[in-house]
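The next block holds one structure in the form of structure tokens; read it before the comments.
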Amino acid sequence: MYRKALEELKKWKQDPHHKPLIIRGARQVGKTWLMKEFAKKEAKKWVYVNFEDNELAKHVFEKDFDIKRIILQLSIATSTEIDSNTLLLFDELQEATRGITALKYFQEKAPEYSIVAAGSLLGITLHQGTSFPVGKVDFLDLGPLDFIEFLMATGANQLADLLQSKDWNLITTFHDLLCEHLRSYYYIGGMPGVVTEFVQNRNLTNVRKIQKSIIDTYDNDFSKHAPLTEVPRIRMVWKSIMSQLSKENKKFIFGLIKEGARAKEFELAIEWLADAGLLHKVSRTKCGLLPLSAYEDFSAFKIFLVDVGLLCAMNNIPATVLLKGSSLFSDYKGALTEQFVFQQLHTYVPDIYYWSADNSKGEIDFIVQHDDKIVPIEVKAEENLQAKSLKAFVEKNPSLHGIRTSMSCFREQDWMTNVPLYAIGIPGVF
């Protein structure tokens, strides 16, 4: 399996001033695999420490932050001679008392050690008052496989290469085949364990079983790691995601969680799920000017799940929809399509917002800040070439060039470019 994040890890390692690196991401997106795969390919010497199941290592940071003592204890705990040429892989670091804080002292006192750290719930730990000064670590965010990685994992490397070439005339020739792969991705998603099952056995029944197992794991995390008072609210938010995305206006409505629900009741539940990497918030921006963050409306937002395949599984969307052609893309009022587009954008665009008019007349599904450009993006579930809101927005902001993504082929106009859905996650398409 190939992950683009391997290239980011290489760049990190080659930087002579690199800091300890924390890989952030939801449970089962492949953080452990990524660390080990990177070590196997790029490190002459490495050691893997799982603080969840290594009792000797779990308490190594409790006494003090004497790096020489820590290295000696880790050497004993792993039966490995560790020196400054050894790449240190720290997994489930949140399970080690003061483990996250220890990274600060590695950076300050022993920068010669290269450390990659990960943990299923590190995001939550970092927001619980853990001592972790800003600027002492590097971060790498890891999500599910994107569509290009999915194509490569399933043996369609030539299609992946073709998409990345952006040779639109040739891509159009394979439009139907790419749409077929895209339908598969909607159902299977990009969780590595699920994709591996599909690649090895092509059994969609087993795919769904693994997806359900992952969802059950997340549910177990709610009761094990979340504050007890918040667990019922977390589950209510979690179960409402599809209904939120299935609305025509996808702004998060607290009343869909339960009748009469208010923001104050559920804010902590939403933040817990976001810190765990299980959902993502996309805030409204009030206009299309740089920087978008300066015009953020914190009271209005959309939410998206970690993975489109898990969204299908949570809502028991049957495998038979794969046989219905493009109907998959229009069912559920475009919920799956908008989830997919967010997922692809999230892999390489750090700042994602949406825009809606103050009078609620008109909405742009996504508006992103990419380098020094503002790009408004309208999402269409089918081959719908109407883009009224996008056109009106660009007319009011003539310096912008719009992107419409749909099941239609690539098409360029003076004010807008139509990018096929299967190509929206490719850097350089806008």
Side-chain angles (χ1 to χ4, degrees), residues 4 143 145-152 156 158-186 190 250 282 288 292 302 304 308 326 328-330 334-355 363-395 397 399-430:
K4 296 174 184 175
L145 279 73
D146 66 15
F147 185 57
I148 290 291
E149 291 171 327
F150 175 80
L151 287 175
M152 295 175 72
Q158 290 178 316
L159 284 177
D161 291 342
L162 177 59
L163 278 179
Q164 292 177 104
S165 75
K166 296 186 285 291
D167 182 342
W168 299 113
N169 288 330
L170 190 55
I171 288 170
T172 299
T173 305
F174 295 94
H175 178 77
D176 291 343
L177 181 58
L178 284 162
C179 288
E180 183 180 332
H181 283 285
L182 184 57
R183 286 195 291 273
S184 296
Y185 183 82
Y186 270 45
K250 293 177 175 59
V282 171
L292 291 176
K302 303 177 183 181
F304 295 93
V308 66
S326 62
L328 174 62
F329 302 107
S330 57
L336 297 179
T337 302
E338 197 158 332
Q339 166 70 41
F340 166 78
V341 172
F342 167 78
Q343 222 170 300
Q344 303 309 297
L345 292 175
H346 187 61
T347 61
Y348 74 101
V349 181
D351 300 307
I352 305 177
Y353 299 86
Y354 80 98
W355 172 87
E363 178 177 317
I364 303 298
D365 298 307
F366 297 107
I367 181 166
V368 302
Q369 184 173 323
H370 188 54
D371 296 329
D372 61 346
K373 294 190 299 182
I374 298 295
V375 184
I377 302 170
E378 189 158 331
V379 177
K380 296 297 182 183
E382 303 178 88
E383 296 188 15
N384 188 334
L385 298 184
Q386 297 287 321
K388 294 178 182 178
S389 293
L390 181 62
K391 188 167 188 177
F393 188 80
V394 172
E395 286 175 350
N397 301 272
S399 64
L400 304 184
H401 186 80
I403 296 291
R404 177 187 60 209
T405 184
S406 71
M407 288 306 296
S408 294
C409 297
F410 183 85
R411 173 183 171 187
E412 209 156 15
Q413 296 176 238
D414 55 350
W415 64 275
M416 179 271 293
T417 300
N418 185 86
V419 176
L421 277 168
Y422 49 72
I424 194 62
I426 301 171
V429 295
F430 55 76

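Atoms considered below: every heavy atom in the structure, side chains included; atoms not considered: hydrogens, waters and symmetry mates. Residue indices begin at 1 and follow the sequence shown. Please read these numbers as outputs of a predicted model, since none were measured by experiment.
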Q. Do other residues, nucleotides or ligands put more than 12 heavy atoms under 6.0 Å from K166 NZ?
A. yes
Q: May I ask you to check whether Y185 and Q343 show a side-chain donor-acceptor distance below 3.5 Å?
A: yes
Q. So, H175 versus Y422: side-chain donor-acceptor pair below 3.5 Å or not?
A. yes
Q: Compare every heavy atom of L400 with every heavy atom of V394, then report the nearest pair and how far apart it is.
A: CG1-O, 3.4 Å
Q) Which heavy atom of I352 sits nearest a heavy atom of V282, and at what distance? A) O-CG1, 3.7 Å
Q. Within 45 degrees of the axis of the six-membered ring of F304 and under 6.0 Å from its centre: does K250 put its NZ or CZ there?
A. no
Is there a side-chain contact between [X] and [Y] in this structure, where contact means two heavy atoms from C-beta onward sitting under 4.5 Å apart?
X: F340; Y: L182; value: yes
X: I364; Y: L390; value: yes
X: K302; Y: E338; value: yes
X: R404; Y: R411; value: yes
X: L421; Y: Y186; value: yes

Q) What is the distance from atom CD1 of I426 to atom CG of D146, rounded to the nearest 0.5 Å? A) 9.5 Å
Q: Drop me the distance from K4's NZ to E149's CD, to the nearest 0.5 angstrom.
A: 5.5 Å
